[in-house]
2 protein chains.
Amino acid sequence: MQQSETAQIRLLLVDDDTKFCRLIAEYLGRFGYAVVAAHSGPEGLKMSLSEQFHAVILDIMLPGLDGFEVLRRIREQSETPVLMLTSLGEETDRIVGLEMGADDYLPKTSSPRELLARLRAVLRRSARAVCDDAAPAEITVGPLSINLNARLAMLGDEALPLTPVEFELLVVLAQARGRVKSREELINEIRDRHYDVYDRSIDVHVSALRKKLRDDPKSPRFIRTVRAAGYMLVYPPAGTAYES
Amino acid sequence: MQQSETAQIRLLLVDDDTKFCRLIAEYLGRFGYAVVAAHSGPEGLKMSLSEQFHAVILDIMLPGLDGFEVLRRIREQSETPVLMLTSLGEETDRIVGLEMGADDYLPKTSSPRELLARLRAVLRRSARAVCDDAAPAEITVGPLSINLNARLAMLGDEALPLTPVEFELLVVLAQARGRVKSREELINEIRDRHYDVYDRSIDVHVSALRKKLRDDPKSPRFIRTVRAAGYMLVYPPAGTAYES
DNA sequence: CCCCCAGTTTAAAGATTTTGTAAAGGTGAG
DNA sequence: CTCACCTTTACAAAATCTTTAAACTGGGGG
């Protein structure tokens, strides 16, 4: 079941309903998130401020300090993304929560699936905010260029008809160019799920991608297999001659 | 966290909700912006025209003069970047805002983080666009032209009978021409609400819009489906021949 | 030098996801 | 009430993903 040494996303869930916590932890766990629960306001606040978490999911109704108060105090010191939950009935709270610096806000009655979707959106936004404009819209590797805005990869002057996963795979490899990416990392980053030893789907995608790149596993121009470790996009040392 | 040694960026926030102002000021303050608040239309207008601010964040619902009116009068004399906020439940009228010269437009339900991101984008743009006209009133894509003032889209010399949402959808796509817009972004920008996985309304609007544009999903002249990502208005490379 | 084994490649089949669109349902303006 | 419009629902079609399994590879031990 385990997810690894690789960067795992850690979440703090603050809610006094332990059953709910278990349920959510279990659900999010299946998608590779490590969920830790706190069951009171003060406890949640303390843990939030430990800065160990990538995001906090915060119920409003809490013993000790209510969710708004916890949020306010978190925001005094930290920018950790916070997603607030409300029990039924509280209409206007949404605005109040957002005004106070919550990153999103959703009813506790939402499906876990919705929670997951919003959570991802929040994490994505916060990841982007960190590097802000730093993200280049285009990555180039020899004759290969990848346009992130248009989601289009070109080899020479020919557009490659990649499927969504193939494109993502290429992007992830390209961003880690010169470093080996394990299958686990790849599947985590691309598909948001767990890797298990018999999972060959990454291999299959690599194979398909290579075919489209006209890349030969035995003497790769782009994707090199690193036995027992994973795959890596070659980092052409200065002076490498590519020919299309 | 701070914004640096360079001269501090000064922002004017015009909103009658003082609590909201405090919270935003506090949040943006953490990123090194100096935020000054005005709580009525006339006050906001007067301060905007003092030319002391690098940008203005303007709520629409205001006592005295509403946001649109304030914007109009600012634009009579000044090109200070203006970012408009719609309050909850208000009839969103992004187009009116943009057409009047707002630089960006976002729902008040957005998170502070989002506000910050857009603000940075606006500031960046305004720094760059010293000389060129802010918001073009007309966007042209091959035989398609979109007039924001008249709220009219023409295909060749024929006016398209678009519904309000279809028109906005087209505008949003056109403004992002060449970049993929996710369904989430689209629904956020057009309808001011959250996207959830089961929400197909964007697809339906796209379908309707395509029908009116006589655009075929399989080989789109205008709107391309980017599987698992969203939609994108084609950015015709220079020299592309359109025929109506 | 050959065999074996863990690890890899790949085609193919089956399962799943995503999309297009018609039609039904809902809502608000007039 | 009617009309215009937006959203939801439903379902089929298309595209894509994962699994499976058979063929392959490279290196170490014999």
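Convention: sequence-line order gives letters A, B, ...; per-chain numbering from 1.
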Item to check | Closest-nucleotide 5' rank along DNA chain D - winner of Lys218(B) and Val165(B) | outcome: Val165(B)

Checklist entry - Within the structure, does a side-chain N or O atom of Arg200(B) lie under 4.0 Å from either OP1 or OP2 of dC6(D)? => result no

Checklist entry - Can Asp196(A) and Arg183(A) be counted as an ion pair, charged N to O under 4.0 angstrom? => result no

Item to check | Sugar-phosphate, base or nothing in reach of Val206(B), heavy atoms under 4.0 Å | outcome: nothing

Item to check | Pairing of Arg151(A) and Glu168(A) as salt bridge, 4.0 angstrom limit | outcome: yes

Next on the checklist: Taking Lys108(A) first and then Asp15(A), would you say they form a salt bridge - that is, a charged N and a carboxylate O separated by under 4.0 Å?
Outcome noted: yes

Item to check | Salt-bridge contact Asp199(A)-Arg193(A) (side-chain N to carboxylate O under 4.0 Å) | outcome: yes

Next on the checklist: Between P on dT21(C) and CG on Leu209(B), what's the gap in Å once rounded to a whole number?
Outcome noted: 12 Å

Checklist entry - In whole angstroms, how far is the P atom of dG7(C) from the CD1 atom of Ile202(A)? => result 17 Å

Item to check | Residues His194(B) and Asp104(A): side-chain donor-acceptor under 3.5 angstrom | outcome: yes

Checklist outcome for this item: Lys211(A) NZ to dA12(C) P, in whole Å, measures 9 Å

Item to check | Atom-pair distance (CD1 on Ile223(A); C1' on dT9(C)), nearest Å | outcome: 13 Å

Checklist entry - Out of dT10(C), dT9(C), dT19(C), which nucleotide sits closest to the side chain of Ser207(A)? => result dT10(C)

Checklist entry - Within the modelled atom types, does a donor on one side and an acceptor on the other bring the side chain of Arg227(A) and the base of dG26(D) under 3.5 Å apart? => result no

Item to check | Note: Glu189(A)-Lys181(A) ion pair, threshold 4.0 Å (strictly below) | outcome: yes

Next on the checklist: If the cut-off is 4.0 Å, is Arg183(B) near the phosphate of dT18(C), judged by side-chain N/O to OP1 or OP2?
Outcome noted: no

Checklist entry - In whole angstrom, what separates Glu166(B)'s CD from dA4(D)'s P? => result 14 Å

Checklist entry - dT7(D), dA11(C), dT8(C): which one has an atom nearest the side-chain heavy atoms of Val204(A)? => result dA11(C)

Checklist entry - Roughly, in whole Å, what's the span from CZ in Phe167(B) to P in dC5(D)? => result 14 Å

Checklist entry - So, are Glu166(A) and Arg210(A) salt-bridged, with charged N and O less than 4.0 Å apart? => result no

Checklist entry - What is the nucleic acid contact for Ser201(B), judged by heavy atoms within less than 4.0 Å: base, sugar-phosphate only, or nothing? => result base

Item to check | Helical bend (five base pairs per end, nearest 10°) for the helix from dC1(C)-dG30(D) to dG30(C)-dC1(D) | outcome: 30°

Checklist entry - Rounding to a whole Å, what distance do you find between Asp199(B):CG and dC6(D):P? => result 14 Å

Checklist entry - Can you tell me if the side-chain N/O atoms of Arg193(A) get under 4.0 Å from OP1 or OP2 in dT18(D)? => result yes

Checklist entry - Can you name the residues that form a salt bridge (Lys or Arg N to Asp or Glu O under 4.0 Å) with Glu114(A), not counting sequence neighbours? => result Arg118(A)

Checklist entry - Would you say His205(A) reaches dT10(C)'s phosphate, i.e. side-chain N/O to OP1/OP2 under 4.0 Å? => result no

Checklist entry - Taking for each residue the nucleotide of DNA chain D with the nearest heavy atom, is it Leu162(B) or Tyr198(A) whose nucleotide lies nearer the 5' end? => result Leu162(B)

Next on the checklist: Without decimals, in angstroms, what is the distance between Arg191(A) CZ and dT16(D) P?
Outcome noted: 12 Å

Checklist entry - Quick one: which of dT8(D), dT19(D), dG20(C) gets closest to the side chain of Tyr231(B)? => result dG20(C)

Checklist entry - Are OP1 or OP2 of dT16(D) and a side-chain N or O of Thr163(A) less than 4.0 angstrom apart? => result no

